[in-house]
Amino acid sequence: MLDVLGNLERTHSCGELREQNVGERVVLMGWVAKKRDFGVFTFIDLRDREGMTQVVVSSETVAEAHAKAKSIRGEFVIAVKGTVVSRAEGTQNAKLATGDIEVKVEELLILNDAAVPPFQLEVAGSENLAAEDTRLKYRYLDLRRPQLQHNIRMRAKAVKAIREYFDGRGFIEIETPILLKSTPEGARDFIVPSRIHTGKFFALPQSPQILKQITMIAGFDKYYQIARCFRDEDLRADRQPEFTQLDMEMSFVNREQVYREMEGMFNHVLKLIDVDLPAEWTRMTYAEAMRRYGSDKPDLRFGMELKDLSESLKGTDFAPFADTLEKSGEIKCIVVKGKADYSRKQLDELQEFVKRYGAGAMAWIKIGDELTSSLLKVLGEAKITELAAAAGAAKGDAVLIVAGKRSVVAASLGALRNEIARRENLIDRSKYECLIVTEFPMFEHDDETDTYIAAHHPFTSPMDEDLEMFKTAVNDPSQHNLLGKVRAKAYDAVINGYECAGGSIRIHQKDVQALNFKALGMSPESSRSQFGFFLDALEYGTPPHGGFAAGIERTCMILVGTENIRDVMAFPKTASAQDLMMDSPGVVDPSQLDELGINVVDE
RNA sequence: GGAGCCGUAGUUCAGUUGGUUAGAACGCCAGCCUGUCACGUUGGAGGUCGCGGGUUCGAGCCCCGUCGGCUCCGCCA
């Protein structure tokens with residue numbers, strides 16, 4: 001028989017009692033984390049969100065409570081009334097914040113029993129943790145673990161800090177609709193059928209992009225929102241179909257003014273974990289980031305920059321390299337310090353790794369006691385020595401070389417750089433390295449359709465310096481591929497190799513916007529049918545404006561030091577976009593479909 | 001859409017060349033135990049080896065398919 005709570009009130013949490021509370025009569029409530037039964041007395045570790053306290057029930061002093069304690073098990077919900085007592089010398093527990101005291105129980109109430117948990121919440125190491133699918137099915141149990149409690153609370157603090165920051169800077173929080181209209185660009189939309197307008201659909205926002213620009217046109221000057229976003233694309237370790245963004249926009253500003261807000265916001269948030277970021281972050285152009293790191297979001301916590309070997313290999317008759325150079329590709333490398341002892345097997349693994357990014361092969365040079373290289377036979381020892389010198393490698397180092405299309409070389413060596421840093425433990429986990437990557441390209445070439453698509457989104461402003469080139473590229477068909485050279489006023493904030501925020505200065509003049517739609521191959525008619533309301537809005541006095549959006553989850557991942565986005569979301573989905581606890585998505589009642597005029601066709 | 005790794009007791013794992021009764025630890029159940037905090041101790045219960053098919057005298061192990069989890073590529077303006 002369970003006890004009733006009645007009028008009993010907690011006096012303290014399970015994490016706060018200390019030596020100075022000794023002698024106080026207290027009431028604690030929580031979950032039984034562990035029970036240790038010694039026959040005549042029983043220890044219980046009582047847990048709540050604030051921590052753990054040991055309570056003792058003795059059969060000699062409180063026979064009734066002790067009898068009840070016999071029947072409890074892990075995750076039972078209990079209340080104890082008792083006195084805080086100091087623990088005898090030698091019986092304190094240094095691992096517990098409350099370990100100098102314990103509560104001597106006078107009365108014990110079993111507020112609820114609990115089934116035996118499907119997995120153990122308290123395990124020695126993370127490697128003994130139950131498989132993630134089991135924990136996702138019983139998410140409410142997994143969330144009881146102190147680590148996840150901490151993560152979710154850190155997320156709440158981060159969101160609060162963000163609101164503090166923007167509120168303090170005069171920004172106005174404005175909510176935008178979740179039900180809006182599908183637009184064809186970008187990610188796949190999640191769509192929602194309309195009952196009232198049978199056959200028509202709303203779309204969930206991929207981001208509030210257009211609406212936040214309209215808040216600028218509407219004269220709010222500084223807008224922000226903690227906005228839920230939805231993208232029906234495949235998941236990754238750092239990507240979920242629904243996620244949360246800090247979305248902000250401001251009027252009458254240049255790029256530097258937006259950078260200041262990005263810096264200011266992240267600097268404020270990182271204080272939560274006592275990290276002081278520089279007031280002004282490093283700026284690096286996209287071109288430089290790609291050249292030096294092979295990535296538009298380089299992790300600057302370690303070096304190992306990419307080195308170009310193309311110059312040294314000019315005129316080589318080794319066919320793969322000669323072909324690459326002829327097709328204006330690149331031959332680049334990274335130097336791995338002290339890894340001349342890489343085994344053949346390890347090098348093969350690394351080659352397999354870069355092949356995932358489209359590299360045809362990975363050549364290597366090892367400067368051990370002897371100079372060895374996969375290229376020794378084809379290039380000769382003199383050339384290999386020259387290459388090693390050009391790469392800046394010293395005795396004891398390994399040089400890993402990839403040749404091919406520029407984009408492939410960057411992707412594969414950029415990824416290899418991160419992979420080696422991870423494998424060789426080159427990353428100082430106490431470091432936080434941030435930068436702003438600037439001047440992203442305006443367009444990306446789509447090889448499949450041989451067209452240019454917006455690299456950021458179709459409302460991004462080109463760089464003033466590139467405006468003439470942009471006009472030429474759009475208006476002169478023979479100059480069309482100049483589009484690939486046009487730079488945008490687009491930027492990303494990068495912390496520790498994670499893209500934490502991105503944004504741009506927007507186009508505020510309708511003729512430039514029209515030019516951009518034309519560049520993207522959209523006729524005036526199709527742009528009007530998709531964005532007509534927005535083009536109308538641009539007609540009525542749009543201020544220059546720009547902003548950014550920051551990933552809340554990615555920011556929280558940095559705050560709690562995890563590489564798994566599910567660790568910072570209360571109710572995440574699996575890699576196949578299912579919720580194992582609710583078992584969603586699920587089928588709906590046929591009557592619901594009838595009402596919406598929807599037929600489900602079997603595959 | 002593609003690739004890799006994984007799937008054995010409630011949980012984490014082991015399981016030899018394919019061999020007869022599938023093990024360990026934790027958890028669970030029943031005892032014992034006056035200072036534990038990974039308590040100790042005695043005993044016990046607990047298995048559709050993800051699922052389906054195949055090869056074989058015989059399959060946890062080999063083969064094919066399939067489902068699920070994780071990670072990556074494509075995708076994510």
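Order of the sequence lines fixes the chain letters, A, B, ..., with proteins taken first and strands second; residue numbering starts at 1 for each chain. The structure presented is a predicted model; accordingly, all values stated were derived computationally and were not measured.
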For A:H457 and B:rC76, give me the distance from atom NE2 to atom P, rounded to whole Å.
15 Å
Would you call A:E242-A:R231 a salt bridge at under 4.0 Å N-O?
no
Kindly say whether, by distance alone, the side chain of A:R87 makes a donor-acceptor pair under 3.5 Å with the base of B:rC37?
yes
Proximal nucleotide (of B:rG35, B:rC76, B:rG10) relative to the A:P118 side chain:
B:rG10
From CZ of A:F119 across to P of B:rA9 the rounded distance in Å is 16 Å
When the nearest nucleotide of RNA chain B is assigned to A:R73 and to A:K70 on a heavy-atom basis, which residue is associated with the more 5' position?
A:R73
Between B:rG1 (C1') and A:E233 (CD): distance, integer Å
12 Å
What contact category does A:E102 fall into here, base, sugar-phosphate, or nothing, at under 4.0 angstrom with non-hydrogen atoms?
base
Within the 4.0 Å heavy-atom criterion, would you say A:Q240 contacts the bases, only the backbone, or no part of the nucleic acid?
nothing
More than 12 heavy atoms of other residues, nucleotides or ligands under 6.0 Å from CZ of A:R406: yes or no?
no
From the list B:rG27, B:rC76, B:rU36, which nucleotide is the closest neighbour of the side chain of A:Q120?
B:rG27
Give a yes/no answer on whether the side chain of A:K34 brings an N or O atom under 4.0 Å of OP1 or OP2 in B:rC39.
yes
Reading nucleotides 67-72 of chain B 5' to 3', which nucleotides get B (base under 4.0 Å from a protein heavy atom), which S (sugar-phosphate only), which -?
--SSSS
Distance below 4.0 Å between A:R36 side-chain N/O and B:rC39 OP1 or OP2:
yes
Positive for side chain to side chain donor-acceptor pair (under 3.5 Å) with A:T562, one of A:N151, A:D238, A:D567
A:D567
Touch class at under 4.0 angstrom, heavy-atom based, for A:D37 against every strand present:
base
Does B:rA38 have its OP1 or OP2 closer than 4.0 Å to a side-chain nitrogen or oxygen of A:K95?
yes
Can you tell me the distance, in whole Å, between the CD1 atom of A:I453 and the C1' atom of B:rC75?
11 Å
Going by atom types alone, do A:Q54 and A:T98 pair a side-chain donor with an acceptor below 3.5 Å?
no
Grab the CD1-C1' distance between A:I101 and B:rU36 for me, whole Å please.
15 Å
Rounded interatomic separation in angstrom, taking CZ from A:R554 and P from B:rC76:
14 Å
Interatomic distance, A:M52 CE vs B:rA38 P [rounded to whole Å]
9 Å
Centroid-to-centroid, A:F531 to A:F533, below 6.0 Å?
no
Would A:F43 count as stacked on B:rU36 if the rule is ring centres under 5.5 Å and plane angle under 30°?
yes
Expressed as a whole number of angstroms, how long is the span from A:H66:NE2 to B:rU36:C1'?
13 Å
Identity of whatever pairs with B:rU56 - Watson-Crick or G-U, under 3.5 angstrom
none
Step through it carefully: locate the ring centre of A:Y286, locate the ring centre of A:Y491, and say whether they are under 6.0 Å apart.
no
